[in-house]
Structures are given as structure tokens and as C-alpha cells.
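Right, one structure below, let's go through it.
The model shown is predicted, which means the values in this text are computed figures rather than measured ones. Quick note on labels: first sequence line is chain A, next is B, and so on, each numbered from 1. We use all heavy atoms of the structure for the numbers below, so side chains are in, but hydrogens, waters and symmetry mates are not.
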2 protein chains.
Amino acid sequence: MRISEHPPSSKNRSELTRQALLDSATRLFGKHGFDATSNRLLAEHAGVNQALIGYHFGSKEGLYEAVFEHIAERLSSHLAPVLLPIESELQALTGGERDTAKSDVKKRCVNAISTLLENYVCIINFPEFEDSARVIVREQLDPSNAFEIMWNKVMHKYMTALTLFICLSKGRTAPDQSDRLMSITLMGQVLVFRVARASINRHMQWEEPHGADNLEKIQLLIRSNIKKILD
Amino acid sequence: MRISEHPPSSKNRSELTRQALLDSATRLFGKHGFDATSNRLLAEHAGVNQALIGYHFGSKEGLYEAVFEHIAERLSSHLAPVLLPIESELQALTGGERDTAKSDVKKRCVNAISTLLENYVCIINFPEFEDSARVIVREQLDPSNAFEIMWNKVMHKYMTALTLFICLSKGRTAPDQSDRLMSITLMGQVLVFRVARASINRHMQWEEPHGADNLEKIQLLIRSNIKKILD
DNA sequence: AAATATTAATCAAACGATTAAATTAGTCAA
DNA sequence: TTGACTAATTTAATCGTTTGATTAATATTT
């Protein structure tokens with residue numbers, strides 16, 4: 001009986017190393033920050049030689065930026081199936097339909113916003129995105145080139161959609177500053193669960209990591225708050 | 001004519017050095033993080049010799065913890081005049097008065113919560129607290145002993161008061177998990193303006209730092225959201 | 001004179017980066 | 001299938017810097 005897996009080709013070997021380094025870097029950069037993470041620790045954690053950071057990514061900073069490309073792709077592909085119906089809904093509300101009742105528009109907008117933010121709750125709280133979210137937060141505290149990557153590839157589209165729905169829910173068609181401000185306060189209600197986790201675990205008397213029940217409670221509260229704020 | 005200022009006594013000289021180091025440390029630790037800030041840069045920024053970090057604070061970590069003691073004191077003394085009437089209001093609502101109308105209780109609670117959060121908006125946005133807020137956020141991403149200081153001296157009292165008002169506004173007297181969760185989402189609406197500033201400046205098309213008009217708009221929106229959520 | 005505070009110089013350790021040598025994979029003629 | 005050649009990848013060792021910490025000498029204050 002033959003082992004079904006191919007023996008690692010050169011391309012596979014290289015890709016495996018890159019992936020191991022990207023994963024370790026996301027974890028360690030997220031947990032401790034760029035400067036607190038040494039190349040040696042990074043390599044040890046990935047199970048590879050530390051010179052391979054230079055070989056595959058040019059430098060430590062190269063690896064850092066590659067982490068953001070990597071995260072941006074993962075987030076995009078996670079958000080794609082969510083954004084697809086959202087954006088067709090957006091087009092239906094802005095262009096296609098003319099005789100939609102006002103109250104119906106508002107209801108559909110609030111629904112869309114809830115969908116967006118509940119998905120954001122997942123990204124913020126799922127263990128698989130935990131490190132990614134931390135890396136992004138750190139980058140925002142002291143932005144470099146890497147922030148551009150994240151903003152252009154993921155955030156911009158998300159924030160724009162959210163803001164547009166808020167605008168539409170108020171019966172207008174062109175978003176203004178108050179809509180954008182509102183979108184930020186809505187995002188904040190979710191983001192806080194990643195950023196202030198140390199305080200939250202104290203305040204809620206949770207032990208990390210909190211489970212699915214807590215996640216559901218958070219989603220319910222967010223949905224309820226959105227409804228109250230926008231209705 | 002004599003110079004009116006005292007010549008620096010030894011105590012003054014020592015205290016001046018400590019203050020200069022604490023200020024620089026707050027700024028640089030907040031901006032770039034603990035590990036990205038070297039003792040040499042710290043000392044240069046403070047205009048003192050780098051060996052004085054060891055002399056006055058024992059070590060770099062000693063300075064870091066001293067920064068948190070320092071920040072905790074500054075925040076406490078800034079919050080004291082805010083919390084004083086708030087806590088007497090709290091006592092009035094929980095203990096003293098018996099014949100207060102329900103609608104009146106709710107109104108007073110919402111008012112108290114607005115006061116607390118508007119003050120939080122100031123702390124988050126005032127330039128004089130900017131670095132402090134950043135240091136605290138960084139610490140929450142990877143908590144050490146320093147977080148204990150901040151939680152015990154400032155955050156705990158603030159969060160407890162906020163949660164209790166939320167609970168009272170619902171006509172109950174003992175806060176439960178849903179009240180605590182609500183307090184977190186309220187905090188999040190404000191906190192986001194410090195944490196996600198890079199994204200916000202993009203989204204709002206602001207140039208940093210944003211002025212007093214923006215601050216007022218934020219406060220108005222927060223107050224409006226609180227009212228809608230809690231009514 | 002004694003205590004306190006500051007300075008310049010130096011320590012070993014850890015840092016990111018780079019090197020030359022070794023190993024592995026892919027290609028192709030025989 | 002084999003063996004030889006090339007390219008890609010990995011390894012161990014070392015480079016010059018920078019790090020936090022410490023020292024002994026100096027300056028200041030009491």
C-alpha cells in the first residue's frame with residue numbers, strides 16, 4: 001500500500017516553510033508586537049532555520065508585511081460570501097427598486113448592518129482570527145506601510161458598505177460625516193471585545209478563551225443595540 | 001532683582017529627572033511599545049543620562065510600571081471631580097430615596113451614564129491623555145503586572161459605576177452579566193476612537209489631530225446612542 | 001564631610017543580517 | 001531506471017550593532 005501523499009516537491013517544501021513562518025509570525029507579532037519578537041524565536045516557533053526569514057521574505061520587515069498580505073487574503077475570502085449578498089442588496093436598494101416602502105428599506109438596512117456586524121463579532125472572537133485581529137490593532141497604534149495593505153484590501157470596502165446602509169436606513173442616499181461617525185461607533189461596540197479583553201475578562205469574570213455561548217450573547221446584544229440606535 | 005524660583009534642591013533635581021523620564025516613557029512606550037523603545041532613546045528624549053533609569057527606577061521594567069502608577073494617579077485625579085457627584089447620585093438612587101418615580105430614575109441614570117462616557121471621550125481624545133491611553137491599550141493586548149495597577153486604581157471603580165447605573169436604569173438593583181456586557185459595548189463606542197484612529201482618519205477624511213468640533217460631534221452621537229439604547 | 005545625584009565608559013548578551021557550505025529536488029541524456 | 005548536472009532550499013557559523021545593565025569617577029546638595 002502506497003502512501004497517498006506526494007513526497008514534498010521543492011515547491012511544496014518552500015511553501016511549507018513560508019506558511020510555517022507566516023503562521024508563527026502572525027501569532028507572535030500579534031501576541032507581543034514586532035520588536036518584542038526576535039527572528040530566532042520566530043524561526044524556533046516555526047521549526048525552521050532563522051536564516052530562512054531572510055531567504056524567503058528578504059528581512060524581518062518583509063515577513064511583517066507578508067503577514068498583512070496573508071491576513072488580508074484570509075479575511076477577504078472569509079468575508080466574500082458575506083459581502084456578496086450584501087452588495088447585491090445594496091444595489092437593489094440604491095438602484096434597481098423604486099417602489100420599495102420606506103419602512104421596508106429601513107428594515108432591510110438594519111438587517112444588512114446586523115449581518116455585517118455579527119460577522120465582525122466572529123472575526124473578532126474566533127480563535128482562528130484572534131492573532132490576525134491583534135496584529136491589525138497593533139498596527140493601528142503605530143501605522144506603517146502594512147496598514148495600507150489592510151485598509152485597501154479589506155477595511156475600506158467593509159466600512160463603506162456599512163456606512164452606506166446606515167445612510168440608506170435614514171432615508172438618504174449619499175452618506176455624510178454623521179453616517180461615517182455612526183459606523184465607527186457601531187464597529188467600536190464589537191472591536192472592544194478584542195482590544196480590551198484583559199479588562200473584559202475581569203469585568204465579566206470570564207476565563208479566557210470565552211466559549212460559543214458568550215459569543216451568541218454578544219451577537220444578540222449587538223443586534224439589539226443596532227436596532228435601537230437606527231430605528 | 002532676584003530670580004523668584006528656588007534654585008533646584010536635590011529633591012527637586014531628582015524629582016525633575018523622574019518626571020522627565022516618566023513623561024518621555026509615557027510618550028514613547030505609548031507610541032512604539034515597550035520593546036521598540038530603547039533606554040538610550042528614552043534618556044535622550046528626556047534630556048538625561050541613560051544610567052539614571054536604573055538609578056531612579058531600578059530597571060526599564062521598573063520605569064514601565066512607574067509609568068502606570070503615574071498614569072493611574074493622573075487619571076484618578078482627573079476623574080475624581082466627575083465621580084464624586086456620580087457616586088452620591090448612585091447612593092441617592094440605591095439607598096436614600098424611596099419614592100422616586102421610575103421614569104425619573106431612568107432619566108437620572110441615563111444622565112449619569114452620559115456624563116461618565118462623555119468624560120471618557122475626553123480622556124480618549126485629549127492630547128494630554130493620548131499617550132496614556134495608548135500605553136493602556138498596548139498593555140491590554142499583552143497584559144503584565146502593570147495592568148493590575150491600572151485595573152485596581154482606575155478601571156474597576158469606573159466600570160462598576162457604569163454597570164450599576166445601567167442596571168438601575170432597567171429598574172433592577174443588582175447588576176447581572178447582561179448589564180456588564182452592555183457596559184462594555186458602551187465603552188467600546190468611545191474606545192474605538194483611540195484604538196482604530198488610523199482607520200478612522202481614513203474613513204472620516206480627517207487629518208490628525210482632530211479638533212474640538214469633532215470632539216463635540218462625537219460626544220453628541222454617544223449621548224444620542226446611549227439614550228436610544230437604554231430608553 | 002556625608003549623602004545624594006549624575007556622568008562617561010564598559011560589560012556580556014541578544015539582535016538582524018549575511019555568508020559559504022551542505023543538502024535536496026528537478027531535469028535530461030543515456 | 002540510472003547517474004550526472006543545475007537550481008532551489010536549508011543549514012551552521014559568524015558578522016558588526018545595539019541592547020539593558022553596571023561600574024567607578026565626578027559633581028552637586030545638605
Indicate whether OP1 or OP2 belonging to [N] is found under 4.0 Å from a side-chain N or O atom of [X].
X      : N       : value
S38(B) : dT19(D) : yes
T17(A) : dT10(D) : yes
S14(A) : dA8(D)  : no
H56(B) : dT6(C)  : yes

Taking atom [atom2] of [N] as reference, at what distance in whole Å does atom [atom1] of [X] sit?
X      : N       : atom1 : atom2 : result
I53(A) : dA17(C) : CD1   : P     : 9 Å
L41(A) : dA13(C) : CG    : P     : 19 Å
E15(A) : dG26(C) : CD    : C1'   : 18 Å
E61(B) : dT19(D) : CD    : P     : 17 Å
L42(B) : dG20(D) : CG    : C1'   : 12 Å
R13(A) : dA7(D)  : CZ    : C1'   : 12 Å
Y55(A) : dA21(C) : OH    : P     : 18 Å
R40(B) : dA8(C)  : CZ    : P     : 13 Å

Toward the 5' end of DNA chain D, by each residue's nearest nucleotide, L52(A) or G58(B):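 Whichever sits nearer the 5' end wins; that is L52(A).
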Any side-chain donor paired with an acceptor under 3.5 Å for R197(A) and N125(A)?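 Side-chain D/A pair, R197(A) to N125(A): present.
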Is it the case that Q189(A) and N225(A) place a side-chain donor and acceptor less than 3.5 Å from each other?
yes
Which of dA13(D), dT7(C), dA21(D) is nearest the side chain of S59(B)? It is dA21(D)
Against the side chain of N49(A), the closest entry in dA17(C), dT11(D), dT22(D) is dT11(D)
Go through it in stages, so that I can follow the logic: the residues are E69(A) and E65(A), the test is side-chain contact (heavy atoms from CB on, under 4.5 Å), and I'd like the CA-CA distance, side-chain angles, deciding distance and then a yes or no. CA-CA 6 Å; E69(A) 305 271 6; E65(A) 292 191 6; 5.6 Å; no
**OP:** Could you tell me whether the side chain of R138(B) reaches within less than 4.5 Å of the side chain of D142(A), counting heavy atoms only?
**Re:**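 In contact.
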(message) Applying a 4.0 Å non-hydrogen cut-off, can you work out what N39(A) is touching in the nucleic acid: base, sugar-phosphate, or nothing?
(response) sugar-phosphate
- Closest contact, heavy atoms only, L75(A) versus M150(A):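 Taking every non-hydrogen atom into account, CD1-SD, 4.3 Å.
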